[in-house]
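In what follows, a structure is listed as structure tokens, so that the remarks can point back to it.
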Protein chains: 2
Amino acid sequence: MRIGKHRVTAAEVAKRAGVSQPTVSLILSRNPKARVAPETRSRVLKIAEEIGYRPNRLAQGLVRRRSFALGVIVPGFDNPFYVSVLSGAERVAAEAGYAVLFCEAGKVDVVQHLEALRDRQIDGVIIAGIAATTLPPRALDDLNVVLINQPSDRFPTVAGDSLKAGEIAAEHLLSLGHRRVAFIGPANSIPAYRFRERGFVQTLRAAGVSMPSELLRRADATIAGGYTAMRALLAMPDHPTAVFCANDLVALGAHKACGAAGVQLPRYVSLLGCDDIEMDTLVTPELSTIAVPTRELGARAVRLLLRQIEHEGAKPPASQLLPVKLVQRGTTGPVNKRNGGAR
Amino acid sequence: MRIGKHRVTAAEVAKRAGVSQPTVSLILSRNPKARVAPETRSRVLKIAEEIGYRPNRLAQGLVRRRSFALGVIVPGFDNPFYVSVLSGAERVAAEAGYAVLFCEAGKVDVVQHLEALRDRQIDGVIIAGIAATTLPPRALDDLNVVLINQPSDRFPTVAGDSLKAGEIAAEHLLSLGHRRVAFIGPANSIPAYRFRERGFVQTLRAAGVSMPSELLRRADATIAGGYTAMRALLAMPDHPTAVFCANDLVALGAHKACGAAGVQLPRYVSLLGCDDIEMDTLVTPELSTIAVPTRELGARAVRLLLRQIEHEGAKPPASQLLPVKLVQRGTTGPVNKRNGGAR
DNA sequence: ACGGGCTGCCAATACCTATTATCACACCGA
DNA sequence: TCGGTGTGATAATAGGTATTGGCAGCCCGT
């Protein structure tokens, strides 16, 4: 708000109220230890309201050494998962009066984004989809950091229980009678995918079902990756009767490959994704998946970050592991004895 | 960067280089009018580099009356369209050294978000998906604003050519022989949808094809909205042979309704969306649509905003209308004489 | 020798708020 | 009367940078 060409400052309010600028600051910051006469307080508040005074948060930040802004760094929006995380984060941050600086970073320029955030005296950073271990060691020094979906002994973490997700996936497919099952996922990627894979494979093995290496397909964590990998699987003479994918994008790609190959789901192949993104219900049949509370991940990450910021120096808050659960839709069903994969 | 508990400031650099703080500032800001001895310049730069000096952008902003930050306000991420816009905006902004403050605003709290952005001395705001005319008249005073996908005589605008999109849609369906065509879209919504509808209806009429009111279906601009509206259309004894939807979400909902009703696309009904979001290629058959350059909208909006910011006071840059084009995929085909809609 | 212009740098200050230390004052009990 | 106490507000300053105006010193021409 301005009056003419002039900005409304605390000093302006002070002059009109006949008090000093610090008094205005004292009253406006609602500091409990502020001892001001009720009459003065109400007068100042009234005038501030009248001329539309609002503290300049840049100046505030400068003196308080706080920007009241958080950074959120994600690899990109190709995966709706990150959209959801960002959305959840923004809601909580806005409620707490914090701004969200949004950064979309290829693996390359994460460091530059971090530098830029640092220059803005950012109060904390949330990183999703980028393995913290791949960053230069000092890149995160002196920053409040919360990681999403990756374990760390250095920073607090909010994650869906990826190991459990893999286990649930395996149990579900086993319970449907599948014994020849495949996994599609990226090779050296973010921890979440690795845990999903590990939980899946381990649970299968514990049930006496081994997964031969030709059924462990490496693919980009994208729709295209899933498509190609699934096509390769379907081309096998004894193709699997069920496939678990590292995430829903991969599964949707696989879904499409089945459609293109005329392979009916779940009659000939059961297909299971992970994340529970909105697109899952668009395809026919709808994609079965393991639901991860994506928005909640973002929301909790912010809460964790805020706690860390508020009591600076205290021990960082503990990490959180959020439960996941099976969402059975149309792409998983009982194994079909007559299908191509059963020998 | 810090040294011990101490922050690295320009004064620190100055002390070590044996010059004054303003000289450091002069050199670092690469001001062309800066007359400094080359020897001094290189010495200062070297020391700044060594001790890792980086200007505090809060302090910078305070004195330059510029935050080097932009706000992007969108109604939400339900529609991937806005995701794309945000992504395009971020890329360009980051390249120019600007931060993007991201705000997800229900219709209610747009004003509060704007206030918060103002307090942060934001340099400009991009608004998408929220009709500027629905805001309180003074809410945008003294702000640099660029609107997306809505015309305005007050602010520059970047928009896909929605009127043209409607025309193209009509021409496409007409050329396929459809004469009984429907439109699904929200009633009182953002301008883009209204223009699409208008362009569509007008072009039909110009070709001598009228659209009876029962074929103009009102629905939320969501998947669910499209689903319900399409189900109603299909329930009609003489249902349309082709349907154009206000956006792709609606069309995807309609697509799903067809699947559920066992109506083959495009054999019995042709379906056409608008926007060209990624999900379009997930469904079977893939959704035909009118492509809008969504990322480009965000990118151009930022460029427009930057130009407006850089030469403050100059006349606002002209608005831009970006071309759209037909993307023919699997849901549009020639009218089938034997189908239910043709009488 | 002297003045003018140019070069290279610096002092001072603005930007706006929050915090700390301090001060004026009234009141009260001894 | 005086020292002590609590109240209500202020002066001074920090915080880090950019900008304005100006001060020296030097070169050069006359």
Side-chain angles (χ1 to χ4, degrees), chain A residues 1-3 5-45 47-48 51-68 97 118-123, chain B residues 1-3 5-45 48 51-68 97 118-121 123:
Chain A
M1 179 84 67
R2 305 168 189 225
I3 293 182
K5 183 78 190 152
H6 181 65
R7 255 200 182 70
V8 175
T9 86
E12 176 74 22
V13 176
K15 203 168 72 184
R16 300 204 185 203
V19 298
S20 75
Q21 171 270 317
T23 304
V24 174
S25 179
L26 213 59
I27 293 172
L28 268 288
S29 61
R30 319 218 173 274
N31 199 322
K33 82 179 175 202
R35 305 166 318 186
V36 299
E39 193 271 335
T40 310
R41 147 169 277 128
S42 65
R43 179 160 39 98
V44 167
L45 286 177
I47 292 187
I51 67 177
Y53 168 70
R54 313 213 68 198
N56 181 327
R57 305 210 74 175
L58 257 46
Q60 239 176 25
L62 190 58
V63 54
R64 302 230 294 223
R65 296 166 161 286
R66 280 278 209 81
S67 61
F68 291 93
R118 222 191 283 269
D119 293 349
R120 290 177 189 277
Q121 312 298 113
I122 213 79
D123 292 337
Chain B
M1 177 85 66
R2 305 167 190 227
I3 293 183
K5 184 76 189 154
H6 182 64
R7 256 199 181 70
V8 175
T9 83
E12 177 74 22
V13 176
K15 203 168 73 186
R16 299 207 185 200
V19 298
S20 76
Q21 172 268 318
T23 303
V24 174
S25 177
L26 213 58
I27 293 171
L28 268 288
S29 62
R30 318 215 173 274
N31 201 321
K33 82 181 173 200
R35 306 165 317 184
V36 298
E39 194 271 336
T40 309
R41 148 169 277 129
S42 64
R43 178 158 41 98
V44 167
L45 286 176
I51 68 178
Y53 167 71
R54 313 213 66 195
N56 180 328
R57 304 209 75 173
L58 257 46
Q60 238 176 28
L62 191 57
V63 52
R64 300 228 292 225
R65 295 165 162 287
R66 280 277 207 81
S67 60
F68 292 93
R118 222 191 282 269
D119 293 349
R120 290 177 188 278
Q121 312 298 115
D123 292 337

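For clarity, every value in this text was computed on a predicted model and none was experimentally measured. By convention in this document, chain letters (A, B, ...) are assigned in the order of the sequence lines, proteins followed by strands, and residues within each chain are numbered from 1.
- Across the protein-nucleic acid pair, B:Asn56 atom CG and C:dC15 atom C1' stand 13 Å apart, rounded to whole Å.
- Within the structure, a side-chain polar atom (N or O) of A:Thr23 is placed less than 4.0 Å from OP1 or OP2 of D:dT10.
- In this view, A:Thr23 and A:Ser20 satisfy the side chain to side chain donor-acceptor pair (under 3.5 Å) rule, not counting sequence neighbours.
- Rounded to an integer number of Å, the gap from CG of A:Leu58 to C1' of C:dT17 is 11 Å.
- A:Val19 comes within 4.0 angstrom of the backbone, heavy atoms only, and of no base.
- In terms of polar N and O atoms assigned as donor or acceptor, the side chain of A:Gln21 comes within less than 3.5 Å of the base of C:dA18 in a complementary pairing.
- One can place CG of B:Leu26 at 10 Å from P of C:dC10, the figure rounded to the nearest angstrom.
- Following rounding to the nearest Å, B:Arg43 (CZ) and C:dG8 (P) show an atom-to-atom distance of 13 Å.
- A rotation axis mapping the C1' atoms of four pairs onto the next four is fitted at both ends of the helix from C:dA1-D:dT30 to C:dA30-D:dT1 over five pairs, and the angle between these axes is 70° to 10 degrees.
- Remark: P of D:dT19 and CG of B:Leu62 are 13 Å apart, rounded to the nearest angstrom.
- Contacts of B:Ala59 classified as side chain to side chain contact (heavy atoms under 4.5 Å, CB included), with partners at least two apart in sequence or in another chain: A:Leu62, B:Asn56.
- The distance between atom CZ of B:Arg64 and atom C1' of C:dC16, rounded to the nearest whole Å, is 17 Å.
- Nearest-nucleotide assignment on DNA chain C puts the 5′-proximal partner with B:Gly18, out of A:Pro55 and B:Gly18.
- Panel note: side chain A:Arg120, backbone B:Ser67; a donor-acceptor pair is recorded below 3.5 Å.
- Note: CG (A:Asp119) to P (D:dT17) measures 10 Å, nearest angstrom.
- The distance between atom CZ of A:Arg66 and atom P of D:dG15, rounded to the nearest whole Å, is 17 Å.
- Contact annotation: A:Gln60 side-chain N/O to C:dA18 OP1/OP2 distance is under 4.0 Å.
- Taken from CD1 in A:Ile47 to CD1 in A:Ile27, the straight-line distance is 10.0 Å, to the nearest 0.5 Å.
- Applying the 4.0 Å criterion to OP1 and OP2 of D:dG8, one finds that A:Arg41 has every side-chain N and O outside that range.
- Listed by chain and residue number, nothing satisfies the salt bridge (charged side-chain N to carboxylate O under 4.0 Å, His left out) test with B:Arg64 (two or more places apart in sequence, or in another chain).
- For B:Gln60, the side chain to side chain contact (heavy atoms under 4.5 Å, CB included) test picks out B:Pro55, B:Arg57, with sequence neighbours left out.
- Here A:Gln121 contributes atom CD and A:Leu58 contributes atom CG; the two are 10.5 Å apart, rounded to the nearest 0.5 Å.
- Within the structure, every side-chain polar atom (N or O) of B:Thr9 is placed at least 4.0 Å from both OP1 and OP2 of D:dG16.
- Contact annotation for B:Arg57: no contact, since no heavy-atom pair falls under 4.0 Å across all strands.
- Evaluation of the side chain to side chain contact (heavy atoms under 4.5 Å, CB included) rule for A:Ala14 yields A:Val19, A:Gln21, A:Val24 as partners, not counting sequence neighbours.
- Take the nearest nucleotide of DNA chain C for B:Ala37 and for A:Pro22: the residue whose nucleotide is more 5' is B:Ala37.
- Within the 4.0 Å cut-off from OP1 or OP2 of D:dA9, at least one side-chain nitrogen or oxygen of A:Thr40 is found.
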